[in-house]
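Read the structure below first, then the notes.
In listed order, ligands and their atoms are each counted from 1.
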Amino acid sequence: MKFFVDTADVDAIRDLAELGVVDGVTTNPSLILKAGRDITEVTREICEIVDGPVSAEVVALDAPAMIEEGRKLARIAPNIAIKLPLTWDGLKACKALASEGYMINVTLCFSANQALLAAKAGASFISPFIGRLDDINLDGCELIQDIRTIYDNYGFETEILAASIRSVNHVTEVARIGADVMTAPPDVIRKLASHPLTDKGLDAFLKDWEKTGQKIL
Ligand code: E4P
């Protein structure tokens, strides 16, 4: 499973990239606001750090304007994935921009039927938001499972990008189901390395080591 980082925080991306765990980045208008940076400038900087797909989202609502914005965003770097909302116009823009050869990430997906349409419109990625479904007492991971089954039934090549990941358990669950990609905030990715028994074990080893009086030379 590929790991994308869901942030426009360049320092956080650089830190994770050093470990080799960043296969791509996803941003959205809220993350751009949080970063407090100009969208073109920060997206260009991210694309210099990460070779994989970097999603940048359009904000227009009608297909012609989305197409125009998408082309502008794609000019930032060759690894831009144009992020389009899952609306009827978003699907029209997806079809047009995918036909021009652009990578498209269709976002704000909350149902299997929406995912089916995005695949038929030529999306490179479909982003089902599992955390936001969990927030309203629905099962986000069940949606990932449904999309996996449907895409496999028909051989759709659109990659399932599990988004709106809020916990390390979400990561395990979507990996078990077979999502192609997961995108998570930097703190969730860092937490994947933690286990209380690792800390406890390390502490005991170091205490015993100290008692040996040795040094590794
Ligand atoms: C994905 O592309 C989105 O940017 C993101 O995962 C949304 O997550 P949220 O629901 O935690 O805002």
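Exactly one residue among I160, L143, I144 makes a side chain to side chain contact (heavy atoms under 4.5 Å, CB included) with I177. That residue is I144.
Scanning all protein heavy atoms for the shortest distance to atom 5 (C) of ligand 1 gives D6 OD2, 2.8 Å. At the shortest separation from atom 4 (O) of ligand 1 among protein heavy atoms lies N28 ND2, 2.7 Å. Scanning the protein heavy atoms around atom 11 (O) of ligand 1, the nearest turns out to be R166 NE, 3.1 Å. Closest protein heavy atom to atom 8 (O) of ligand 1: S164 CA, 3.4 Å. Atom 2 (O) of ligand 1 has K83 NZ, 2.6 Å as its closest protein atom, hydrogens excluded (heavy atom only).
Polar contact with ligand 1: absent for S127 (N/O pair, distance under 3.5 Å). In terms of polar-atom proximity, defined here as any N/O pair under 3.5 Å, R132 does make such a contact with ligand 1.
The minimum heavy-atom distance linking I189 with F3 is given by the pair CG2-CD2, 4.4 Å. Among all heavy-atom pairs drawn from F125 and V181, the shortest one is CE2-CG2, 4.1 Å. In terms of heavy atoms, E69 sits closest to V59 at OE1-N, 2.7 Å.
Looking at R148 and D180, a side-chain N of the basic residue comes within less than 4.0 Å of a carboxylate O on the acidic one, giving a salt bridge.
Atoms CG and CZ, from D38 and R44 in turn, are 9.0 Å apart once rounded to the nearest 0.5 Å.
Residue E57 places every heavy atom at 4.0 Å or more from ligand 1.
Every atom of ligand 1 with a heavy atom of A163 under 4.0 Å away is listed here by number and element: 1 (C), 6 (O).
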